[in-house]
Amino acid sequence: MAKITSVRGFRDILPDETPKWQRVEEKIREIFFNFGIQEIRTPVLEKTELFKRGIGEATDIVEKEMYTFLDRGNEYLTMRPEATASVIRAYIEHHIYEKDPVAKLFTIGPMFRRERPQKGRFRQFHQINVEFLGQEDPRIDAELMSMLMYLLSEVGLAKLKLEINSLGCDKCRPAFREKVTGFLKNREEDLCEDCRRRLVTNPLRIFDCKNESCQEIISGAPVILDFICVECKQHFEKVKEHLGILHIPFIINTKMVRGLDYYTRTAFEITTQSLGAQNAVTGGGRYDGLVQMLGGPNISGIGFAIGFDRLISMIPDADGQDAKRPNIFIAALGDKAQSFAFSLCNTLRLAGIRAEMDFSNRSLKSQMKRSNKLNCSHTLIIGEKEMEKGAAQLRNMGDGTQESVDINDSDSIVEQFTVKPVTVNREP
RNA sequence: GUGGGUGUAGCUCAGUUGGUUAGAGUGCCUGGUUGUGGCCCAGGAGGUGGGGGGUUCAAGUCCCCUCAUUCACCCCA
C-alpha cells in the first residue's frame, strides 16, 4: 500500500518537541494571568464574510491565501487565517462589552494560510493572540507592548527590537495615502514591478519593499508622522512617554506599515535575527474601527499576535528543565513475576507514580537497559526468587545501591515515590 | 505564483573521473555473568538509492519528466 503523508505545509509536532511547546505555553499563561487577561476559544471555521470585512478585501491574505470552500449548506466558509476577527466577532456576538467596559482576552491556536512554506512559515501555524478592548487610553498601548517584551524575554529570547509607528486614523490616513501615491506616481518608472502593482492596490506597502532602488525613492517620501491629525499625534506622544516610564526601549520606524487593513494609530513589530527572512516574531497594533466594522458598537481595541512556531524555533532546548519526576521501572522475570508486575504497575500509577514495565519478559540485562534509557530513577527487580520470598530488589539507578522491599506492601513503595505536595496560596 | 538547493538505512550523512556483494556514525536487537543499566567490545537486523522514462556493455553517479522537501522572492506572525 502506498504511504499517506501529511498535507504540504501541515506538520506533525512530535513527542520530542511537545514538552517545549507545553513549557512555553505554561509560562505565557502565567504571565497573562498576572496581567488579568482571560482566555477565549473560538472556532477554526468562520463565515468567509468575516475575514473579507475584517482583514480587508484587497489584502493578500484574503485575495489568495485563505482556505475557503463552499459548504454543503451553500455557504462560503473559511479556515481562519488570523484570530482577531474571530475574537471580535465573539466579543460582539456575546455582548461581552455589556458585562464590562474593558475586556482583556487571549487565545492560542492554529491558523491557516495557503502560502509557499519556508523557514518559519507553515500553512497551518500557531498564534498567541491578545486583544485589549474598550480602552482608548494610550497607557494601554504601552502596557500591552511592555508585557509583550517581558513575555518574550521571560521565555528566553534575547536581542529583541521593538519598532513602533503611528498609522493615523480614518480621518488623517486617507490624505497621507493620497500624498504618497502622488509622490510615487512621478517616479513610477523607477519602482520595481511589485511596487508598481502596489501603487494601485496598497501604496503604503511600498514602504516595506526590500528592493534597494525602491528604498531610495521611498526615503524621500512624505513621512506619516508629519501628516497625522492632532489627536493621533497626541496619542502617539503619550504612548512613547509611557513606554519610557516602563523603561521599554523602542525605535520609531516611520516606514513600518501593517498588512491588514484594520490597523489604526499605534502599530508595532518585534524582530530578532535568528529567523532567516521570517524575522517577525510578533506584530500588532490598534484597530479602533474594527468592532464597528464588524457590526458592533464603536469600541476601540489593540492587540498583537505572536507566531508560536517561530517563537518555539528560537527558544533554546530545555536542557534538563523538564524535571525528572521520581519514577520506577519494574523488571519482571518469568510468567508469575510478569503478571504480578502488571498489577503492581497499575497500582503505582493509580497512586500517582510514573511506572513502566516491559512485557517482553526479556533478560534482566535488557530490561535494565530499558530502564536506563527511560531515565527511571529506580528499578524494581522481581524474579522467581523474589516471588517466593515476597521481597523484591529496589535498585537506585543513580548510585547503584539496592534494598529489599516487601512486594505485598505497595503502600510503602508508593510512599517512597510520592512527592510531597506543595501548597500554593492563590487569591480567588 | 516565481527562482535556486536537496532527495542514499529509523535518524545524521559519506560515496572519488559512470564499474562488479551501496558504506559510516547513531538508534534498534542479541551476546560478552545462572539474574543487574550507563562505558567498552563482538555480532545481527534494517535500503524498491523519492517515483517514472532515457543515454550506456554498465547509472546512486549523466539527461528529461514528475513528486516531495528546503531556502529565497512575495506576504506575514
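Because only heavy atoms are used, hydrogens play no part in the values below, and waters and symmetry mates are left out as well, while side chains stay in.
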### Message
Looking only at the side chain of A:D60 (C-beta and beyond, no hydrogens), which of the listed nucleotides B:U36, B:C74, B:G37 gets closest?
### Response
B:C74
### Task
Scan A:E386 against the nucleic acid and name what it touches under 4.0 Å (heavy atoms): base, sugar-phosphate only, or nothing.
base
### Message
Is there a side-chain contact between A:S366 and the phosphate of B:U30, meaning an N or O under 4.0 Å from OP1 or OP2?
### Response
yes
### Query
Is any N or O donor-acceptor pair between the side chain of A:R116 and the base of B:U2 shorter than 3.5 Å?
yes
### Task
Would you classify A:I128 as touching base, sugar-phosphate or nothing, given that sugar-phosphate means primed atoms plus P, OP1 and OP2, and contacts are heavy atoms under 4.0 Å?
nothing
### Task
Using only heavy-atom distances, decide whether a donor-acceptor pair under 3.5 angstrom links the side-chain of A:R121 to the base of B:C75.
yes
### Sidechain N-carboxylate O distance under 4.0 Å for A:R123, A:E65
no
### Canonical and wobble pairing (Watson-Crick, G-U, under 3.5 Å) of RNA chain B, dot-bracket with |
(((((((..((((.....[...)))).(((((.......))))).....(((((..]....))))))))))))....
### Query
B:G27 base to A:K373 side chain: any donor-acceptor pair below 3.5 Å?
no
### Task
May I ask you to say what A:T282 touches in the nucleic acid, namely base, sugar-phosphate or nothing, with a heavy-atom cut-off under 4.0 Å?
sugar-phosphate
### Query
Is A:Q118 side chain donor-acceptor paired with the B:C75 base, going by distance under 3.5 Å alone?
no
#### Entry: A:K365 side-chain proximity, nearest of B:G32, B:A77, B:G35
B:G32
### Query
Does A:Q402 get its side chain close enough to the base of B:U36, under 3.5 Å, for a donor-acceptor pair?
yes
#### Entry: Test salt bridge (charged side-chain N to carboxylate O under 4.0 Å, His left out) applied to A:K27 and A:E30, step by step
CA-CA 5 Å; A:K27 184 78 206 168; A:E30 185 189 313; 3.7 Å; yes
### Message
Quick one about A:Q135 and A:D137 (side-chain donor to acceptor, distance below 3.5 Å, no hydrogens or angles considered), yes or no?
### Response
no
### Query
Is there a donor on the side chain of A:E65 or the base of B:G1 sitting less than 3.5 Å from an acceptor on the other?
no
### Message
Check A:E143 with A:R139, please: is the shortest side-chain N to carboxylate O separation under 4.0 Å?
### Response
no
### Below 4.0 Å: OP1/OP2 of B:C29 and any side-chain N or O of A:R362
yes
### Message
Whether the side chain of A:N372 and the base of B:G37 hold a donor-acceptor pair under 3.5 Å is what I'd like checked.
### Response
yes
### From B:C75, B:G38, B:A72, nucleotide with atom closest to A:E115 side chain
B:C75
### Task
Look at all strands and tell whether A:R395 reaches a base, only sugar-phosphate, or nothing, counting heavy atoms closer than 4.0 Å.
base
